[in-house]
There are 2 protein chains.
Amino acid sequence: MDNHTTAVSRAHATLKRIDADPTRAVWIELRDASAILAEAQAVDERVTTGEPLPLAGLTVAVKNNIDVEGIRTTAAHPNFGAVASADSAAVARLREAGAIIIGSTNMDQFATGLVGTRSPFGALESATHSGRIAGGSSSGSAVATARNLVDIALGTDTAGSGRVPAALNGIVGIKCTRGLIPASGVVPASRTYDCVTVFARDVATAARAAAVLIGPNTADPLSRTWSLDAPLAAPPTPTVAVPRAEDLTSLDAERVEAFEAAARRLEASGARLVTVDISGLLEAAKLLYGGAIAAERAAAYGEFLASHPEGANPIVASIAAGASRHNAVDLVKDTERLDQARAEARRLLKETHALLIPTAPMHPTLAEVEADPVATNTRMGTFTNFMNLLDLCGVAVPAASTKTGGFGVTVVARAFEDQVALDLAAILTGESSPPRLGGGTPLAVFGAHLSGEPLNGQLTDRGATLVGPIATTESYRMVELPGDVPKPGVAPAPQGEGARINGELWMLPPSAWGPLLADVRVPLALGPVELDTGAVVTGFLSTNMDGTDITSVGDWRAHRRSQRTA
Amino acid sequence: MDNHTTAVSRAHATLKRIDADPTRAVWIELRDASAILAEAQAVDERVTTGEPLPLAGLTVAVKNNIDVEGIRTTAAHPNFGAVASADSAAVARLREAGAIIIGSTNMDQFATGLVGTRSPFGALESATHSGRIAGGSSSGSAVATARNLVDIALGTDTAGSGRVPAALNGIVGIKCTRGLIPASGVVPASRTYDCVTVFARDVATAARAAAVLIGPNTADPLSRTWSLDAPLAAPPTPTVAVPRAEDLTSLDAERVEAFEAAARRLEASGARLVTVDISGLLEAAKLLYGGAIAAERAAAYGEFLASHPEGANPIVASIAAGASRHNAVDLVKDTERLDQARAEARRLLKETHALLIPTAPMHPTLAEVEADPVATNTRMGTFTNFMNLLDLCGVAVPAASTKTGGFGVTVVARAFEDQVALDLAAILTGESSPPRLGGGTPLAVFGAHLSGEPLNGQLTDRGATLVGPIATTESYRMVELPGDVPKPGVAPAPQGEGARINGELWMLPPSAWGPLLADVRVPLALGPVELDTGAVVTGFLSTNMDGTDITSVGDWRAHRRSQRTA
């Protein structure tokens, strides 16, 4: 990220970069510079008043199937849509968080394509590999991000449109669990499976935006909230599934090697790799376009394209026309097949925390796509098409620049386990401490539950995440309790006799508290603890303080170290 | 319930009653008496060995679209199906719990109907009102239960088939949240919306069976488990929605009066009634048969009926034929309408715990149905059709025997709030302490959280349910803590100084623990407590025992009473 400290200076720099950039096909509509600068000015004023703005001054490009007030939402059809009278829910949340919307980006028409060439506004080239495609359908958003024209871009993803372009432009794409980011104010492609996604050049920036975007929205009937057992972190030693060699035959040798290097990187960080047969997932992927589920696309834009041939991309129009001819009985039967495939995917991933897969098997040239547009597009979705169908989430990260184009990998996780995918993706990009997507309630620990201590697994196995070190007010005591296992007891001290006790603050998912309480042993208990910040949080306390007083040390690990060196 | 104490004697009595009963059209296939008696014998032996069997010796009739090993699953078409080689998941769970399967019952063909007359195995008359219909589609199961031929019967319910026949035969029908009772081994009617249901003559017996039937099943891809915040009891003063007078115009005066009496009964028990506009729900109901969603029925049995006209009920065949002609795009659009209606229903019921509605608006004669079979059937589903579409659950109970037939009401609740519906239904039937459907982890309370004490709402507002009184081992102390609000502190006593402390055991939903902990105030905490049963449960403890020792009283409420009388 650059060094501009105000939103106005960031906006100026963004406008300058866009002016200087030759790839005009990135944009379908840029906002007026004056409007952008006025908005940046307003953000700076909000910051001055002390308003906490998690995305203050970050610049954003928005795929042109997502409403931005004042911009025509074309979905890359010049005659479709209208000037939006209000922001979509996603854009409104970004603005509220201090982000500056720069303009709306080119895309495969009606988000139907993974190539970035199906647009009357121009085919887009990869930002990193000239002569090769940008990938789609969120082509403009990905290129705008990769060329550093903006900090963040919104895409949408049904078949892989928020991940394939990330892979082909060397950037990060986060596709959250379906419904977590509301789709209200978004032109549907396949309404049941559409997701709004985020691009950025690093996992941290994309995650900061995703954290702002996630949340229920009553205007979107398919909006979902975090499940109560959604983990708040990947466990320290996760089990990660990787496909068999025979599932990767669509990759060339250089890509296979890059994929294996990514897997080894996770392994080196503590993950246990297990090989799984993903042929069932790759097979289920075919239901998205190969059967009656495609009727969702016909429902979304079939009539419009049939009645507006001028401006229509012929391939998209032909897909919609074909998809309009299915019988409802076939849709019922394909939906049943999909329900079964989803249950099978759950079983396949039951014992694992994540699945590592290639994002796209290849990176075609613009000429290759032109020569065989449909088959090439289909191949691009090999590893992405199944994910929304099977209710999985994922984070796509760059893995290699090969002789034949870009290559990325995606960390896939079960629905609502987005943070697990994000944490593992950050290992792959070499980023430490990626942002949290949200949720959880705090727990203060002082002894055996501290990081690295024997009972810490009672937290990490239940999806807890470490916030950092804390200390109590100066009114607590700590003793070393008698017994075989060394452990401290902490409790409020009699008036005037206490001290600060050091510990750690963790965040726990709502589902973790009951099982954690069932693991608590006499004389420990969970109760309110006052921190030196003034906050009162739930923490480990002791109902029996008969033991060696170690209040003056005030820190269990320091006490243990001194015991060991004594 | 009768007084037979062994399964064998119950089975004998059942067989005798069935032999003596004139309504042969109840059954499609009865099992051999010898097989039934052998099974009863085996149950008695399991009981003798001490195996806990929650349904030991209860007799069961099974709707003939649910697999029972050795019985042909006809769905009331004489040429459909095959002899089941294994029990359906539901039947297997009943048998495992000690229930005795007696036979399979008549029904509206392919569970398509609410009248009980659409069967080549004979039209069924109400058990309580001769000349009037039994209702359907689970007609035989309802009549078998109402005529006391069995203790429990299984039905299925898509449009109301597990509720309408309950209303027309004066019995109880429980329709759980979709997916809680697995549908594997059940002939689908409309696969997304089918539920297996339970009939019994009282809420308690039906609930005991439902508790056994609920649970995940990997063979059913639409199987669901309890949500982590599913309440374990209705709150003591629930808010209950009732329809406006204009939503009840399909009822005659006598039924309106009976409905209002039921509402007043809930009000008298502590419920707060609020009038809501349910016209949106009644409108959504039309999507089940009136649009492309009916294609699910065509997918389930359309081809079979088209190719097997002999044995086909002409109305069911005509519905299937019509339903086979929808375009998939129309199904997509109707599904979207339904998603919106579901979101609207969530909003409508957001501030309420349940909705009380009539089960069926009228009770037609057999002749009336014959005269106008389709329109009459449609009217029967006025108040039931919307429930599975909108992901609601409900318990149907008898409300009145009127001059024009039976009348019942249904307590409707949101998905996973089945226990709330059940508890309110039990108020209507005058049953106290209906069984729990399952779930939760225990909490021991000793002071302000006891029933009737000031902080008890911290439990009941979070869906907790009272199990009953408990006492600790003889090794705890109790003090009255200083402060404005009277409250006790309980903690383990020094060796040899303790006593038994009386309290209550509550069960809490998994989601309740975090918020409860956030409400705990110094010096209280939650930690392990040993009960005199030997069980260790989480309970309220104190980290500070400076106060008036009341260990010798050993009971907070007794201590408070003695203070008041002193």
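Computed from heavy atoms alone, side chains included, the values below leave out hydrogens, waters and symmetry copies. Letters A, B, ... mirror the listed sequences (proteins, then strands); counts begin at 1.
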> Ala343(B), Ala295(B), Ser542(B): which one forms the most heavy-atom pairs within less than 4.5 Å of chain A?
Replying inline: Ala295(B)
> What part of Asn327(B) gets closer than 4.5 Å to chain A, counting heavy atoms only: side chain, backbone, both or neither?
Replying inline: both
>> Please identify, among Leu508(A), Asp229(A), Leu516(A), the residue contributing the most non-hydrogen atom pairs under 4.5 Å to chain B.
In response: Asp229(A)
> Which bit of Arg325(B) comes within less than 4.5 Å of chain A, counting heavy atoms only: side chain, backbone, both or neither?
Replying inline: backbone
> Asp546(B) versus chain A, heavy atoms under 4.5 Å apart: side chain, backbone, both or neither?
Replying inline: neither
> Is there a donor in the side chain of Ser511(A) and an acceptor in the side chain of Trp513(B), or the other way round, less than 3.5 Å apart?
Replying inline: no
> Of all of Pro442(B), Ala323(B), Ser324(B), which one pairs up most often with chain A through heavy atoms under 4.5 Å apart?
Replying inline: Ser324(B)
>> Any salt bridge linking Glu303(A) with Lys333(B)? Criterion: basic side-chain nitrogen under 4.0 Å from a carboxylate oxygen.
In response: yes
> Out of Leu443(A), Thr543(A), Asp330(A), Leu517(A), which one racks up the most heavy-atom pairs below 4.5 Å with chain B?
Replying inline: Leu517(A)
> Looking only at heavy atoms, which two atoms of Phe446(A) and Met478(A) are closest? And how far apart?
Replying inline: O-CE, 3.8 Å
> If you look at every heavy atom in Pro488(B) and Leu481(B), which pair is closest and at what distance?
Replying inline: O-CD1, 3.6 Å
>> To check you understand the geometry: which heavy-atom pair defines the closest contact between Leu389(A) and Ala284(A), and what is its length?
In response: CD1-O, 3.5 Å
>> How close do Pro188(B) and Ala300(B) get, counting heavy atoms only, and between which atoms?
In response: O-CB, 3.4 Å
> Just wondering, do Tyr193(A) and Leu338(A) contact through their side chains at under 4.5 Å, heavy atoms?
Replying inline: yes
> Looking only at heavy atoms, which two atoms of Cys195(B) and Arg178(B) are closest? And how far apart?
Replying inline: SG-CG, 3.4 Å
> Is there a donor-acceptor contact under 3.5 Å linking the side chains of Arg347(B) and Thr218(A)?
Replying inline: no
> Under the salt bridge (charged side-chain N to carboxylate O under 4.0 Å, His left out) test, which residues partner Asp549(B), sequence neighbours left out?
Replying inline: Arg477(B)
> Does a donor on one side chain sit under 3.5 Å from an acceptor on the other, for Thr158(B) and Asn388(B)?
Replying inline: no
> Given a strict heavy-atom distance threshold of 4.5 Å, which part of Thr538(A) is in contact with chain B: side chain, backbone, both, or neither?
Replying inline: side chain
> Side chain, backbone, both or neither: which part of Pro510(B) has an atom under 4.5 Å from a heavy atom of chain A?
Replying inline: backbone
> Are there residues of residues 220-227 of chain B that reach to under 4.5 Å of chain A by heavy atoms, and which ones?
Replying inline: Pro221(B), Leu222(B)
>> Under 4.5 Å from any heavy atom of chain B, what part of Thr192(A) do you find: side chain, backbone, both or neither?
In response: neither
Indicate every side-chain donor-acceptor pair of residues 521-530 of chain A with a distance under 3.5 Å to a residue at least two apart or in another chain.
{"from": "Arg521(A)", "atom 1": "NH1", "to": "Ala518(A)", "atom 2": "O", "distance (Å)": "3.2"}
{"from": "Arg521(A)", "atom 1": "NH1", "to": "Asp519(A)", "atom 2": "O", "distance (Å)": "3.4"}

> Which atoms of Asp339(B) come close to chain A, meaning under 4.5 Å heavy atom to heavy atom: side chain ones, backbone ones, both, or neither?
Replying inline: both
> For Arg342(B), is it the side chain, the backbone, both, or neither that has a heavy atom closer than 4.5 Å to a heavy atom of chain A?
Replying inline: neither
>> Once ring-ring contact (aromatic ring centres under 6.0 Å, His included) is applied, do any residues pair with Tyr301(B), and if so which ones, sequence neighbours excluded?
In response: Phe110(B)
>> If I measure from the heavy atoms of chain A, does Glu344(B) come under 4.5 Å with its side chain, its backbone, both, or neither?
In response: neither
> Quick one: of Arg191(B), Gln340(B), Glu296(B), who has the most non-hydrogen atom pairs under 4.5 Å with chain A?
Replying inline: Arg191(B)
